[in-house]
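We name chains A, B, ... by the order of the sequence lines, and we start the count at 1 in each one.
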2 protein chains.
Amino acid sequence: MNNDTIKIMVIDDQAVVRQGFVALINTVSDMAVVAEGTNGWQAIDLYRLHRPDVTLMDLRMPELGGVEAITAIRKEFPDARLIVLTTYDGDEDIYRSLQAGAQGYLLKDMFFEELEEAIRKVHGGSRRIPTQVAERLAERMGSSDLTGRETEVLEQIVAGHSNKTIAARLNISEATVKSHINSILSKLGVSDRTQAATTALQRGLVHLR
Amino acid sequence: MNNDTIKIMVIDDQAVVRQGFVALINTVSDMAVVAEGTNGWQAIDLYRLHRPDVTLMDLRMPELGGVEAITAIRKEFPDARLIVLTTYDGDEDIYRSLQAGAQGYLLKDMFFEELEEAIRKVHGGSRRIPTQVAERLAERMGSSDLTGRETEVLEQIVAGHSNKTIAARLNISEATVKSHINSILSKLGVSDRTQAATTALQRGLVHLR
DNA sequence: CCAACCCTCTCCCAAAAGGGAGAGGGAGTA
DNA sequence: TACTCCCTCTCCCTTTTGGGAGAGGGTTGG
């Protein structure tokens, strides 16, 4: 491995998928996988240890998710180059990833050739957001954010709790819960809690477990 | 490629993941990928054309899903050997896949070595269901099936429709809808429609989109 | 300091959902 | 045939949810 070789770290909890990525990357003469991990904590540890030039990161992982790992790595290493490589999980995930400091966001239904190009782009210091992804991101703009409390209430709704239970769990009155739900419904543009739950899941505002 | 080579078909809509599988399989001396596809229709066409010894099939795909493709292929070729290779999507998916005629069900978070072993097992005529998966399947047993109509109503619930709207869409009275929902709630062991929606999604009884 | 949020709450009302008991008709099976 | 499901429906009742108007206290930022 000479000095021009791009050192790559691959973080994905699906072993056989990760092994596939590694195999593909290692077929490229000037790229080499120097570290592999299955969750966010490993990503942080392995980054410190190997200082890869580019990191490929999945989002949904046990223990510590991709967004949190990206945030932590960028905090310690502001120059870190990170590409999110994931199944499309909704506009919110894209937004949060870029917010956290990722330079690229690729979908797993793209071809390896695009991934290879993205790695070179990001390694060279530019960003790489495919049109398809950029469009999703644009959709999100304009759609208003939920406040912190509203997000908590939304999570409780998705967890299947009644207003009364939510009130008890959050230590507020049921009236306040209803007030938050009112805001949530209008911000999400839906008319009942079940729709709120399914659209929140689709948009990636919350995830099942 | 000599006569002992195991001919494999890979069906997965995520291009880079599929390419990874192909790369891994082709590193094994007595295995060769003879066809690749991105959905159920292609799976059926390519099966007719190439008659692979073993097919690796993802479940969630556009156009035609994995379960339907397995059913169609097994109908035309009762000897077809099929392994489902997917992200875990709930016990219902496992059940339906095996019901449709798959001989194996592997999760993408397993290592390639296990996949290789599974391919050999299934090619040799046996089945291969990892303990982890078998346990999930066992969980499903005992939990009663939903009837056809109940499943339709459940889909409408997940789609976010009110009882009134569901009644209109299914051309039955609202009372009947409520009656079905009663059965659904008790069969799923939940107490309201939002819980029904989220547990149905978790168990893979229905999918978003 | 004032405006803009956010979070909290009250009171009231209407609509929707959930729960229980019962019943008729149709299809399939023992 | 008799039995068992499934699908359909009615009637009645309670609980939950959603919608509207308003208001006080807190923080933040211009």
Can you tell me if B:Thr176 touches the phosphate of D:dC9, counting only side-chain N or O atoms and a distance under 4.0 Å to OP1 or OP2?
yes
In whole angstrom, what separates A:Asn182's CG from D:dT17's P?
13 Å
Just compare C:dG19, D:dT17, C:dC9 and give me whichever is closest to any side-chain atom of B:Leu185.
C:dG19
Hey, what do you get for CZ (A:Arg203) to OG1 (A:Thr198), rounding to the nearest 0.5 Å?
12.0 Å
If each of B:Asp192 and B:Val177 is mapped to the nucleotide of DNA chain D with the nearest heavy atom, which maps nearer the 5' terminus, i.e. the 5' end?
B:Val177
Taking atom P of D:dC9 as reference, at what distance in whole Å does atom CD1 of B:Ile181 sit?
14 Å
Walk me through it: do A:Arg96 and A:Glu92 pass the test salt bridge (charged side-chain N to carboxylate O under 4.0 Å, His left out)?
CA-CA 6 Å; A:Arg96 285 205 270 247; A:Glu92 195 64 18; 3.8 Å; yes
Using whole Å, what does the distance between atom C1' of nucleotide C:dC6 and atom CD1 of A:Ile184 come to?
13 Å
Is any side-chain N of the basic residue among B:Arg60 and B:Asp93 closer than 4.0 Å to the acidic one's carboxylate O?
no
Can you check the B:Ile172 CD1 to D:dT10 P distance for me, whole Å?
11 Å
Assign A:Ser179 to base, sugar-phosphate, or nothing according to its heavy-atom contacts below 4.0 angstrom with the strands shown.
base
Short side-chain N/O contact from B:His180 to OP1 or OP2 of D:dC6, under 4.0 Å
no
Ignoring backbone atoms, test whether A:Ser162 places a side-chain nitrogen or oxygen under 4.0 Å from the OP1 or OP2 oxygen of D:dT15.
no
Within the 4.5 Å heavy-atom criterion, are B:Thr38 and B:Gln14 side-chain neighbours or not?
no
Take atom NE2 of A:His161 and atom C1' of D:dT16, then tell me their distance rounded to the nearest Å.
16 Å
For B:Ser173 and D:dC9, is the shortest distance between a side-chain N/O and OP1 or OP2 below 4.0 Å?
yes
Could you tell me how far apart A:Lys178 (NZ) and C:dC12 (P) are, to the nearest whole angstrom?
13 Å
Within the structure shown, what part of the strands sits under 4.0 Å from B:Lys164 by heavy-atom distance: base, sugar-phosphate, or nothing?
sugar-phosphate
Does B:Glu150 reach the main-chain N or O of B:Thr147 with its side chain, forming a donor-acceptor pair under 3.5 Å?
yes
What nucleotide, of C:dG18, D:dT8, D:dT10, holds the atom closest to the side chain of B:Ala175?
D:dT10
On the nucleotide D:dT17, are OP1 or OP2 found under 4.0 Å from the side-chain N or O atoms that A:Asn163 carries?
yes
OP1 or OP2 of C:dC7 less than 4.0 angstrom from a side-chain nitrogen or oxygen of A:Arg149, does that happen here?
no
Separation of atom CD1 in B:Ile157 from atom P in C:dA16, rounded to whole Å
16 Å
Tell me: CG of A:Asp145 to P of C:dA4, nearest whole Å?
19 Å
